[in-house]
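Some notes on the structure that comes next.
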Amino acid sequence: MRARQARGAAAAAVPAAPAPPPGEVDADRLVAQLRQPVWVFDIDRKRVAWANPAALALWSSPSLAELTARDMGADMSASVAARLAQYQSDFVGHGASFNEQWTLYPAGRPVSLDVTFSGYRLPDGRMAMMCEGRPPGSERPESLRSVEALLHTPVMITLYTPEGQPVYRNPAARASVPELRTTLAERFPEPDALPRLTDPLATRGATTLTLQARTAQGARWHEVSVQRCVDAVSGEAALLVSEVDVTRLKESEAQARFLAAHDVLTGLPNRSQVKQCFAEATSALRTRDQQAALILIDLDHFKKVNDTLGHAVGDELLIEVASRLRQSVRRGDLASRFGGDEFLLLVLSSDIRAEVDRIDKRIRDAVAQPLWVGNTQVQVTATLGVSLYPEHGTDFETLLQHADLAMYAAKERGRNALAYFEHDMGESFRQRTALEVDLRSACERREFEVHYQPRVEVASNRIVGAEALVRWRHPRRGLVPPGEFIALCESTGLISEVGRQVLASVVEQLRRWSEAGLALPVSVNLSPREFADPDLAERVRATLAEAGCAPELLQMEITESMLLGGEERPLATLHALRKLGVSIALDDFGTGYSNLAYLQRFPIGTLKIDRSFIQAVGDDQRLAELIVQLCRVMRLDAVAEGVETPEQLAWIRERGVAQYQGFLFARPLSAGEFEAMLSAQPGRAACG
Ligand code: C2E
Ligand code: MG
Ligand code: MG
């Protein structure tokens with residue numbers, strides 16, 4: 001209610017009062033004669049509703065009409081407006097009245113006075129504020145300023161009796177308490193808050209604590225300072241309590257603590273949290289005859305989900321898996337996200353292996369449930385590595401390393417499996433690391449060579465093509481077969497370079513054979529990682545062009561698993577290859593999903609029947625029969641792999657399989673040996 005602007009400064013004109021009935025006190029005249037300024041302020045409209053002559057003089061107003069027309073809200077600060085609204089509700093709710101020292105600016109000059117505020121119902125029922133002014137005492141400027149500060153500060157200041165009954169509250173404190181009569185004990189509802197605040201006062205001057213306070217706005221966090229003092233009015237002992245709202249700070253502190261201990265994406269605890277829990281749990285285990293297990297969980301082929309369906313789907317999958325894992329562990333166990341697609345569980349039990357086996361089953365069932373992201377169905381499996389405390393180590397880092405080795409071993413065994421740590425895993429890990437180092441230098445030194453296994457026409461027993469199979473010419477170990485290094489190349493990414501070298505070598509060889517009149521088709525194996533490379537077709541085109549090799553001579557072998565998990569990318573890659581003139585063979589047919597409807601959508605020209613079916617001939621050959629029939633239904637060229645005996649050859653011949661590969665005819669041969677065999681063939685190669 002600061003009226004800063006200068007308004008009409010004329011002295012107040014006291015209106016003439018009509019004569020009262022004889023014998024009665026004339027209330028209007030009485031009010032007109034009052035030397036104390038009294039006015040009624042309409043809080044809703046921010047205007048004076050009524051004023052006595054002394055108040056008109058105080059406000060430097062020539063008439064009641066002029067004063068009531070003034071818009072006091074025009075330059076009213078937000079804090080004053082909020083306080084007035086608070087007063088209004090205090091008048092309504094508690095019939096409160098307050099004394100405050102105010103400074104008004106009726107003609108631009110400050111006028112200080114003590115004002116008593118109380119509620120006054122207007123004729124229309126709304127609650128207004130009656131203000132009674134008194135000239136202030138002889139306060140010095142400092143005390144005037146400190147009164148102003150007390151009124152305007154957001155710090156909540158309350159004077160209590162030593163028993164905790166409120167004596168005075170500043171406006172900020174009044175706005176905060178649920179009830180004006182709220183005692184100190186009611187203000188801070190934690191059971192021991194009061195003694196914690198007041199007990200230390202016997203020895204110390206003041207206490208400061210952060211406590212939960214009951215406020216009109218609900219529970220908030222306040223930093224509370226209490227000190228002993230003397231009530232300046234009564235001279236009696238009192239407690240001065242000041243409070244600052246620190247809720248935001250407290251919340252961000254809690255959030256920072258949460259973030260430090262949790263993974264942002266899934267909300268699961270993070271690695272550092274597990275480490276801490278591990279330390280606490282294991283120190284308790286010693287007395288409880290229990291064991292602990294660290295279970296490292298890795299989602300199989302998660303990278304493929306990310307690469308083919310995008311990171312948003314990948315994130316969605318991680319969130320879902322996290323929630324399923326959370327539900328798979330018992331209370332007291334801990335599920336955490338370790339990073340990337342890895343999760344870590346801490347499990348305690350008196351029969352730890354039995355418990356781990358139960359969890360393994362629960363996790364496998366939980367993870368196997370398909371997940372729908374939009375219209376895409378995603379399904380994953382998980383590989384688990386387990387190390388036990390104290391059997392496999394007693395400190396967290398060692399156990400973690402051991403769980404990691406176990407998981408690696410489980411992956412090697414074909415994924416979707418669980419492995420416990422075994423002590424020789426460390427050794428095989430070291431070997432693998434050494435092999436990786438060796439392979440890197442093999443790439444640089446170009447130690448890979450390509451061998452060719454003849455592909456033979458069943459009817460004529462003539463070579464009609466070949467499969468290119470890589471070998472590693474190791475400086476000490478001699479010729480190393482691909483089974484010993486392709487998987488590691490795939491998992492380390494070295495396969496891109498190996499594949500590049502193989503392809504370059506094959507197309508170069510094909511061109512030379514063509515020039516020598518030995519043109520025949522050769523197939524090259526692709527690994528999943530190579531097939532997923534979006535630049536594959538372009539790379540193949542450039543390699544063919546550089547060597548000057550006819551694309552029709554080249555065939556690419558892929559496996560069914562590479563076609564899963566989103567059709568668009570594989571389909572686009574296959575079409576791009578077909579467009580070049582390169583043909584496609586489906587390798588190891590029968591070992592995958594063999595979903596015909598699905599396979600027919602892809603431009604595949606040849607099916608290579610996996611050798612496991614051919615070698616079952618003579619034993620249980622029902623599956624082999626079925627696979628051969630599938631090839632026929634698909635109307636695709638069929639090549640039987642791994643034909644080792646004349647019986648197997650007779651069997652495929654009877655069933656109309658057109659071509660075969662196998663040791664019966666020849667093992668994979670060096671380029672020179674193969675060329676010699678081809679040249680010796682009567683009538684040379686039959687281009688098939
Ligand atoms: P694959 O593509 O199924 O190749 C056929 C494998 O069966 C070859 O093993 C071959 O030597 C073997 N094989 C052929 N005939 C017979 C037989 O009558 N009996 C038996 N028991 N085995 C026979 P290899 O050369 O050891 O290759 C193994 C696998 O390594 C290949 O399986 C292929 O998946 C992969 N591979 C080979 N070369 C490459 C390559 O250049 N790149 C990629 N990504 N993978 C390759
Ligand atoms: Mg193959
Ligand atoms: Mg094969």
Side-chain angles (χ1 to χ4, degrees), residues 414 439 442-443 446-456 463 465-473 479-509 521-533 536 539-540 543 554-562 583-592 594 604-618 627 631 638-649 651-652 657 659-671 673-674:
L439 274 171
C443 281
R446 303 192 157 264
E447 288 172 356
F448 300 106
E449 55 184 67
V450 181
H451 284 208
Y452 295 85
Q453 183 175 41
R455 194 195 272 189
V456 185
I463 300 171
E467 174 172 6
L469 294 158
V470 70
R471 270 95 184 93
W472 176 12
R473 179 71 64 187
L479 206 59
V480 182
E484 289 183 31
F485 62 89
I486 287 289
L488 188 60
C489 286
E490 174 71 8
S491 65
T492 54
L494 281 169
I495 194 72
S496 316
E497 181 50 30
V498 176
R500 222 179 302 238
Q501 292 186 16
V502 168
L503 185 67
S505 160
V506 169
V507 297
E508 179 60 29
Q509 186 60 258
V522 169
S523 60
V524 171
N525 292 281
L526 280 180
S527 79
R529 210 190 263 250
E530 291 175 277
F531 186 64
D533 177 3
L536 174 70
R539 201 156 50 74
V540 171
T543 313
L554 187 64
Q555 185 168 64
M556 291 297 188
E557 293 192 11
I558 58 165
T559 56
E560 276 175 77
S561 60
M562 301 185 200
S583 63
I584 312 294
L586 197 64
D587 203 1
D588 306 342
F589 183 63
T591 58
S594 310
I604 293 161
T606 305
L607 291 179
K608 302 190 75 175
I609 303 170
D610 191 68
R611 70 163 184 266
S612 57
F613 301 105
I614 304 305
Q615 289 173 355
V617 166
I627 295 295
C631 291
V639 179
E641 290 193 297
V643 175
E644 291 182 356
T645 66
E647 293 73 34
Q648 290 162 356
L649 180 58
W651 188 89
I652 61 164
V657 177
Q659 298 177 6
Y660 76 99
Q661 281 174 234
F663 294 172
L664 179 65
F665 189 91
R667 288 177 178 264
L669 307 164
S670 69
E673 289 167 336
F674 180 76

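Treat the numbers as computed from the prediction; the structure is a model and nothing was measured. Note that ligands are numbered from 1 as they come in the structure, with each ligand's atoms numbered from 1 the same way.
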Before signing off on this row, confirm whether [X] and ligand 1 have an N or O atom pair separated by under 3.5 Å.
X	result
F663	yes
I486	no
R611	yes

Practice prompt. Please check if a non-hydrogen protein atom sits closer than 4.0 Å to atom 32 (O) of ligand 1.
Written response: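 Given the 4.0 Å limit, the answer for atom 32 (O) of ligand 1 is no, no protein heavy atom qualifies.
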Worksheet item: Do any non-hydrogen protein atoms sit less than 4.0 Å from atom 9 (O) of ligand 1?
Response: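 Under 4.0 Å from atom 9 (O) of ligand 1, zero protein heavy atoms found.
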Contacting atoms of ligand 1, where contact means under 4.0 angstrom from a heavy atom of [X]:
X	result
Q453	14 (C), 15 (N)
G662	15 (N), 18 (O)
V502	41 (O)

Would you kindly specify which portion of [X] sits under 4.0 Å from ligand 1, judged on non-hydrogen atoms: side chain, backbone, both or neither?
X	value
H451	neither
K608	neither
Q661	neither
R471	side chain

Worksheet item: Is any protein N, O or S atom closer than 2.8 Å to the Mg ion (ligand 3), and if so, which?
Response: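 Per the 2.8 Å query on the Mg ion (ligand 3), atoms found are D587 OD1, D588 OD1, E641 OE1, E641 OE2.
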Discussion item. For E490, state whether at least one heavy atom is located under 4.0 Å from any atom of ligand 1.
Written reply: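 Distance cut 4.0 Å: E490 fails for ligand 1.
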